[in-house]
2 protein chains.
Amino acid sequence: MTERAVSAEEFDDPVDSEGAPRASDGRVPGRRGRATRQRLLECTREMLASHSYRDLRVVDIARQAGTSPATFYQYFPDVNTAIVALAEEMAEQGNDLVVQLVGRSWSGATGVQTAEAIARGYVQLWEQNWPLMRVLDLTSAEGEHRFRAIRVRLLNQFTEALAEVIRGEQEAGRQTAELDPMATAGVLVSMLAHVASHLYGFEHYGIRTADLERSMAHVLYTTVTGQKPPKSKD
Amino acid sequence: MTERAVSAEEFDDPVDSEGAPRASDGRVPGRRGRATRQRLLECTREMLASHSYRDLRVVDIARQAGTSPATFYQYFPDVNTAIVALAEEMAEQGNDLVVQLVGRSWSGATGVQTAEAIARGYVQLWEQNWPLMRVLDLTSAEGEHRFRAIRVRLLNQFTEALAEVIRGEQEAGRQTAELDPMATAGVLVSMLAHVASHLYGFEHYGIRTADLERSMAHVLYTTVTGQKPPKSKD
DNA sequence: GGCGAAATCTGACGGGTCGTCACATCGTAG
DNA sequence: CTACGATGTGACGACCCGTCAGATTTCGCC
């Protein structure tokens with residue numbers, strides 16, 4: 001294979017400390033420029049929701065924003081860089097939510113509620129951001145290091161928080177010490193991530209989202225605490 | 001966005017009942033033709049192992065096979081169709097293996113061994129076929145219906161077999177009847193699929209494959225049987 | 001052994017996308 | 001109102017894809 005252009009994949013979006021982006025030629029854009037950049041970002045988000053990621057063309061985003069392809073390249077070295085900007089914003093907000101849920105109590109009936117909240121929370125996070133989440137999953141499986149970094153950050157903080165809980169349960173003697181906490185947490189987060197990203201496929205096969213959430217909550221609770229869940233109220 | 005060429009994505013590889021493929025013009029190839037086709041397939045497999053799927057170019061496969069791009073198009077309408085042929089072969093063989101494992105006994109210490117065998121088996125299946133598995137995961141998440149069909153077939157038979165076991169455990173009163181068997185099985189298979197496809201990522205973070213297998217086996221056994229595993233020998 | 005016809009292979013081309021660059025336009029400070 | 005920096009764009013070269021007419025190889029048959 002002839003070497004392909006490495007393109008800008010290896011470089012990060014040039015953004016200064018305040019988040020003000022620089023244009024391709026290194027100059028700092030003014031009001032008009034930033035407005036155009038923002039408009040391009042929003043159009044990218046829209047296109048991502050209505051078109052397949054693979055079919056996303058610069059010319060379409062530019063046209064949607066009422067400008068020319070060359071203008072797009074003035075603000076982003078490529079389409080991925082624009083998406084990274086969007087994904088970073090989403091990851092920021094979404095991560096807090098789920099990690100926070102892990103911190104709740106894991107004992108008894110409250111613990112079951114925690115597990116349910118996590119399962120539902122993760123599913124909702126995915127449903128609310130599926131265009132970006134999908135791209136994140138997709139490109140992370142390939143080589144794109146920036147997307148992978150975001151995804152890893154998103155999942156890793158979650159995994160570590162969960163591992164900490166598992167470690168606590170092990171020390172309290174409620175959970176078997178034979179399991180590696182990080183490995184176990186990784187397995188659980190994998191479950192959440194994969195199920196969330198394939199909800200539509202499951203629905204297609206007649207498997208209801210509510211049932212999936214219940215099963216995931218069950219697995220979560222059981223695996224984290226090492227206990228059978230106390231019988232629920234419903 | 002202007003409509004993109006639908007290309008041959010919607011059409012299946014023309015293959016007659018005996019598996020003998022037809023060339024692009026509909027004629028049945030002779031010895032030389034079939035040899036060339038096979039050579040192209042093997043080269044596709046090699047390229048897939050050493051190059052990213054996205055960077056796979058027809059011209060490279062052809063060159064590797066010591067022929068011209070036009071020859072490739074004589075036997076396959078596009079690169080994906082060639083990969084589908086490879087993936088189908090793999091799925092055939094791999095599916096039997098894992099589904100067969102599910103049929104083993106799930107009671108007591110033997111059950112733990114069954115769970116471990118499944119976890120290890122799935123991981124090995126992935127490790128042995130990662131170039132194809134990766135493409136399957138990748139393109140299924142997008143729209144390619146042929147890849148998705150193969151992946152669904154692979155996972156669905158597995159899921160249904162597992163659901164059947166869970167249903168049995170429920171009827172025997174060992175597992176809570178609150179959970180939908182298919183949903184639960186789907187969750188478990190998701191776990192296996194996602195962990196297997198991210199083994200390298202986990203290793204990168206210092207999480208050992210052996211620990212992942214143990215954790216997955218634990219989750220599998222616990223969730224399927226509803227019992228704590230009997231204490232192991234090691 | 002030679003000769004057509006069928007099978008197989010290939011060079012070259014039209015069509016399309018990508019990213020860049022020189023230049024046009026805008027808008028604002030003086 | 002003018003000049004200059006900031007912003008926007010048409011058009012171009014490079015690249016990849018899939019096709020097609022024609023060249024080359026193989027094979028059955030005399």
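Order of the sequence lines fixes the chain letters, A, B, ..., with proteins taken first and strands second; residue numbering starts at 1 for each chain.
Here A:D211 pairs with A:R214 in a salt bridge; the nearest charged N to carboxylate O distance falls below 4.0 Å. For B:R153 and B:E88, the salt-bridge test passes: some basic side-chain N is under 4.0 Å from an acidic carboxylate O. A salt bridge links A:R54 to A:E142: one of the charged nitrogens lies within less than 4.0 Å of a carboxylate oxygen.
Listed nucleotides D:dT9, D:dC17, C:dT17 differ in distance to A:A70; the shortest reach to its side chain belongs to D:dT9. Checked against D:dG18, D:dG8, C:dT10, the side chain of B:T67 finds its nearest nucleotide in C:dT10. Closest to the A:R57 side chain, of the nucleotides C:dT20, C:dT17, C:dT10, is C:dT17.
In this entry the distance linking CG of B:L56 with P of D:dG18 reads 12 Å, nearest Å. Atom P of nucleotide D:dG8 and atom CZ of A:R37 are separated by 13 Å, given to the nearest angstrom. In this entry the distance linking OH of B:Y73 with C1' of D:dA21 reads 18 Å, nearest Å. Separating the CZ atom of A:R63 from the C1' atom of C:dC18 is a distance of 15 Å, rounded to the nearest angstrom. Whole-Å rounding puts the B:I61 CD1 to C:dT10 P distance at 15 Å. For A:Q74 and D:dT7, the CD to P distance is 8 Å, given to the nearest whole Å. Across the protein-nucleic acid pair, A:D55 atom CG and C:dT17 atom P stand 11 Å apart, rounded to whole Å. Rounded to an integer number of Å, the gap from B:R39 CZ to C:dT8 P is 13 Å.
Phosphate contact (OP1/OP2 of C:dT10, side-chain N/O of B:T71, threshold under 4.0 Å): present. At C:dC9, one or more side-chain N or O atoms of B:T36 fall inside 4.0 Å of OP1 or OP2 (strictly under the cut-off). Between A:Y75 and the phosphate of D:dG8, there is a side-chain N or O to OP1/OP2 separation shorter than 4.0 Å.
Under the side-chain contact (heavy atoms from CB on, under 4.5 Å) criterion, B:W130 pairs with B:W126, B:R134, not counting sequence neighbours. Residues passing the side-chain contact (heavy atoms from CB on, under 4.5 Å) test with A:T114 are A:R104, A:W106, A:I118, sequence neighbours excluded.
When each of A:V79 and B:G66 is assigned the nucleotide of DNA chain C bearing its nearest heavy atom, the one mapping closer to the 5' terminus is B:G66.
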